[in-house]
Amino acid sequence: MTDATPSVPSLRRHSLDAVLAYAWDAEAFTASDVMAAVALTRSTTIDVLDELVVRGLLIEMPNARAVGEYSKGRPARRFALRADAGLVVGVDAGRGHITATVADLRGVPVATSRLSIDPERDSPERRRRAAEKVVDATLTRARATRGDLVAVCVGVPAPVDRSGRSPIHHDGFWQRMNPDFVDTFAPWAPVVRVENDASLAAVAEHAQGAAVGYDDFVALLAGERFGAGLWLDGRLLRGAHGGAGETVAFDRVEGVGSAYGLAPRCVDAARAAIAAGTLPAGSTLAEVPPDDLDAKRVLDLAAAGDPGALAVAAEVGGQLAIVTGLLGSLFDVRRVVISGAIAAGAGPIIAAAAEALPAALHLPPPEIVASPLGADIVSIGAVAAALESTRARAIDLEAFRLPSERARASGA
């Protein structure tokens, strides 16, 4: 991860950060509002608000009297975050696609672009060029330029360490998925962050999904393959090489057998049941040609009460219960959130897993829930992570320096 060097004395920085943190989560507010939330004197609060306006992070709004909310005495000055003071971009660099979303400082999306990639013709250089192409196209749609960016976050299907780099993989897969994006985008923005895609799913769930208010949970990307984003003790867990949550160990777990996700498990179980003739009589699932089966078809039938599809969901749910029990035993989490596109139809599997789970643990079992964030969860998490990093470093970023600081830097 790249970032800026602190440029403000610590005591002053504390005051600026405290007021800015309040502003970032508030709508229009007054100095009195800030003082009620932050332990600063009135004079310091007003001084800091004025500095944040000069830095371009806040804007002074029409006063209370001007908007009809105040009629007597001296009207209070009102302020708000300048959401358009800079842009962030979140990139979901999946195996077969790259999606970029440009958002303002409130996280409101401004533009999105998507490009499909042929995994069979992929290479590190092609992936770098494709990512740059998609981000540039999205900036064009947003009527913005690279100069407007303050942060970039890229999510990849590979372990990623704290510096944004991936360890060596025996067949080069991780290097293809993350061809050092932290270097690719370093000239584009002062803050560049690269994360594992499941880790960004956890960031998204904690920011606005099924884990808001939870300090201990797992976001389980569960579509084609399992990927676990670990959020423990109120923070994202990475590990020494970024491999915390890697699921290759499932290859050796009895009853699970691989890191394949819920979608292929549904299809495989349905095809096996059809071939064996073990589906209940009257099941519509038995009439579906095996080559036409996909997970959505199976789960839609299960949701409609088809007995054969429900039997398949119960089988897959038993496997999910083992996975959840393992995660609960290792990490003592309160929730396992089933994330990604599969979550929308995973209700029958989750219900079966929850029923099978209690016997699997000595600790209180995690609650299994479906994410509301859908297929775009990695993009959502990438934007949220880019904003998180921007908030932590905003005072030190070139775009938000005081004019006097810029002048000194130019003179130097």
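Start at 1 with the first residue, then count along the sequence.
Looking at residues two or more places apart in sequence or on another chain, you find no side chain to side chain donor-acceptor pair (under 3.5 Å) involving Asp104. Scanning for side-chain contact (heavy atoms from CB on, under 4.5 Å) contacts around Pro372 gives Glu205, Ala210, with sequence neighbours left out. With sequence neighbours left out, Ala272 forms a side-chain contact (heavy atoms from CB on, under 4.5 Å) with no residue at all. Thr41 meets the side-chain contact (heavy atoms from CB on, under 4.5 Å) test with Ser43, Thr44; sequence neighbours excluded. Under the side chain to side chain donor-acceptor pair (under 3.5 Å) criterion, Asp197 pairs with no residue at all, not counting sequence neighbours. Partners of His97 under the ring pair (Phe, Tyr, Trp, His ring centres under 6.0 Å) rule, at least two apart in sequence or in another chain, do not exist in this structure. By the side chain to side chain donor-acceptor pair (under 3.5 Å) test, Asn178 pairs with Ser166, sequence neighbours left out. For Ala23, the side-chain contact (heavy atoms from CB on, under 4.5 Å) partners two or more places apart in sequence, or in a different chain, are Phe29, Leu58.
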For residues 292-311, tabulate all N or O donor-acceptor pairs below 3.5 Å that involve a side-chain atom, not counting sequence neighbours.
from, atom 1, to, atom 2, distance (Å)
Asp294, OD1, Lys296, N, 3.3
Asp294, OD1, Arg297, N, 2.8
Lys296, NZ, Asp300, OD2, 2.7
Asp306, OD1, Ser283, OG, 3.4
Asp306, OD1, Thr284, N, 2.6
Asp306, OD2, Ser283, OG, 2.8
Asp306, OD2, Gly308, N, 3.1
Asp306, OD2, Ala309, N, 2.9

Could you go through residues 343-357 and list every donor-acceptor pair under 3.5 Å that involves a side-chain atom there, pairing it with any protein atom two or more places apart or in another chain?
none

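Put simply, the side chain of Trp188 reaches to within 4.5 Å of the side chain of Asp136, judged on heavy atoms.
Counting only residues at least two apart or on different chains, the side chain to side chain donor-acceptor pair (under 3.5 Å) pairs with a member in residues 20-34 are Asp25-Arg391, Thr30-Asp33, Ser32-Arg42. Evaluation of the salt bridge (Lys or Arg N to Asp or Glu O under 4.0 Å) test over residues 165-188, restricted to residues two or more places apart or in two chains, returns Arg165-Asp180, Arg165-Asp183.
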